[in-house]
Amino acid sequence: MSQSDKSAQTFESGLEGSQSEVAKFDEPARSPLKSLQHALHVNPALIPLIILVLSVAGFGIILGGRFFSPFSLTLILQQVSIVGIVAVAQTLVILTKGIDLSVGAIMVLSSVVMGQFTFRYGLPPEIAILCGFAVGALCGLVNGVLVAIVRLPPFIVTLGMWQIVLASNFLYSRNETIRAQDIESNAPLLQFFGESIRAGGAVLTYGVIAMIVLAALFSYILNNTAWGRHVYAVGDDADAAQLAGVRVKRTLISVYVLSGLICALAGWVLIGRIGSVSPTAGQFTNIESITAVVIGGISLFGGRGSIVGALFGALIVGVFGLGLRLMGTDPQWTFLLIGVLIIGAVALDQWIRRISA
Amino acid sequence: MSENYVLTAKGLVKRFGRVVALDHADFELKPGEILAVIGDNGAGKSTLIKAISGAIAPDDGEIHLDGQRVQFSSPMAARQAGIETVYQNLALSPALSIADNMFMGREIRVAGPLGSVFKMLDKRKMESFARQKLSELGLMTIQNIRQPIETLSGGQRQGVAVARAAAFGSRVVILDEPTAALGVKESRKVLDLILGLRERGLPVVLISHNMPHVFEVADRIHIHRLGRRAALIKPQDYSMSDAVAIMTGAMAPPEEMAA
């Protein structure tokens, strides 16, 4: 063997006559099933959009004007506004391959802080609201530091924080509810998101508008800023992202802090929605937000999905809820159907991920 | 120092607990050459590479880049100094596009307030730059630069990673086992890419276990053994079995070369 020979190795002579491109990037022809898989892979919000349109159309046909009226349709938006806002926070966390079980508890604690700071300490509501946001951010920071720096699994961290935050909420509020009339006469700013724009039968509360603006904002951030791309990269493969120059710890912490802040916003919107400040509100928001996110096609394994999908997921739940109620069915049917949708959505995600090169 | 070196390391020491991974190791890279680094498992070659690419900080010793002493606190710092590394795992995000991956961690923003206030990325600019760099390296017929990495073959992924390093590595490109996971044909493409980098004047550090590949493309071979450089040879002067013998300690390193 002539080692010093600079030419290609002899066993490679078999390569002569083979294709000489280094890399080809044309799209090969696909079967219809493959192209569907590809379309879903590129745009995972497609399926929830189709389900949403079909379910609205379906209930519209069955129930007619009772369902298909501006009032009913905007009522769905009002009913999903809290879950929709929290789902934005949940999406950010799940995109990083995490999960946040403490979202509902942070939301309630923030709303309690906003209320109690105003009524117990007599602070101006503006300051009390800022304090509520600060508490939300602080809870998020604790989550973020425990996940990113202490390197505990997000499930465990947020399971613990869920209990801690919820217990703090009950201890601090002494399980007291602040009545809606008191808030209305003394601190109407707390109910700001309950105000609405009416046009015909349609009722758009500021809370609904907040949900839509928030979703649009984060949709832009995730797709068009470096931070947004880093969130996806961290969830996709954290080690690779680190080596490629992404500051993984900083990105993770910022995601959890933002999640806390968004939950505080949800807490403020919650006061507007129910009128009062109640430490027992929003008990299932964490599970509902995860449901919305999963039905919305966001992968629990990180790095895939979009905010719009999560919003569609929340709306699907809302449409089924109201539609089945108007039909007079037992509400358990709603839960049953939501369960089917969750399992279906995750099965679909697994199929989409099974991409052959 | 009689000769002009791009990158040198002198007396590098790195201990992990009681294990001495680098024992006063030296390293020299000339301009425009392909320097192969070979060594048995555990010889400390990855530690050496990590030290010069900023992934770890050596306990002792000096690193000079273009005659200037440098101390890298992170891989980012080494990158900013012009040293790009293609890691064995490629450091690509499978679900993101080719363009996203090429600019990961150094995205370009739109000019004006859209970029400075709204932090908007200039996707068009990044995509056309990525396309240009891939075609420069002969990665032909790129139709869809937005294609996710996971839809590419192993060789194509390696191509993207090498293109990223070549596009931003102004001084040195380090490749860690670039052909380890590839078949015959794809290995050939990657070796051609490496030779292409040298043609463009970029010095390359190639870490490999594959002796035929090393002997084909390298100008000089740095043989690492027991945490230090055992020998620095030219592939014309030695056979592959000699190199392996020096690497494993079966043969004493040539006197004049033992650093």
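Here is the naming used below: chain letters follow the sequence lines, and residue numbers restart at 1 for every chain. Just the heavy atoms: all of them, side chains too, but no hydrogens, waters or symmetry mates, feed the values below.
Expressed to the nearest 0.5 Å, how far CG of B:Leu90 lies from CG of A:Leu243 amounts to 10.5 Å.
Open room surrounds CZ on A:Arg247; 12 or fewer heavy atoms of other groups in view lie less than 6.0 Å from it.
Within residues 229-240 of chain A, the residues approaching chain B closer than 4.5 Å by heavy atoms are, in numerical order, A:Arg229, A:His230, A:Tyr232, A:Ala233, A:Asp236, A:Asp237, A:Ala240.
For the options B:Thr85, B:Asp100, B:Asn89, heavy-atom pairs under 4.5 Å to chain A are most numerous at B:Asp100. Highest contact tally toward chain A, considering only B:Ala91, B:Gly105, B:Ser74, is held by B:Ala91 [criterion: heavy-atom pairs under 4.5 Å]. Annotation: maximal heavy-atom pairing with chain A below 4.5 Å, among B:Arg109, B:Met104, B:Arg106, occurs at B:Met104. Each of B:Ala243, B:Gly115, B:Ala95, B:Pro75 has some count of heavy-atom pairs under 4.5 Å with chain A, and the biggest count is that of B:Ala95.
If you measure heavy-atom distances from B:Lys119 to chain A, the contacts under 4.5 Å come from both the backbone and the side chain. For B:Leu96, the parts lying under 4.5 angstrom from a heavy atom of chain A are both the backbone and the side chain. The parts of B:Phe118 that come within reach of chain A are both its backbone and its side chain, each placing non-hydrogen atoms under 4.5 angstrom from that chain.
Using modelled atom types, no side-chain atom of B:Arg164 and backbone atom of A:Ala244 make a donor-acceptor pair closer than 3.5 Å.
Side-chain contact between B:Met120 and A:Thr225 is absent, with no heavy-atom pair separated by less than 4.5 Å.
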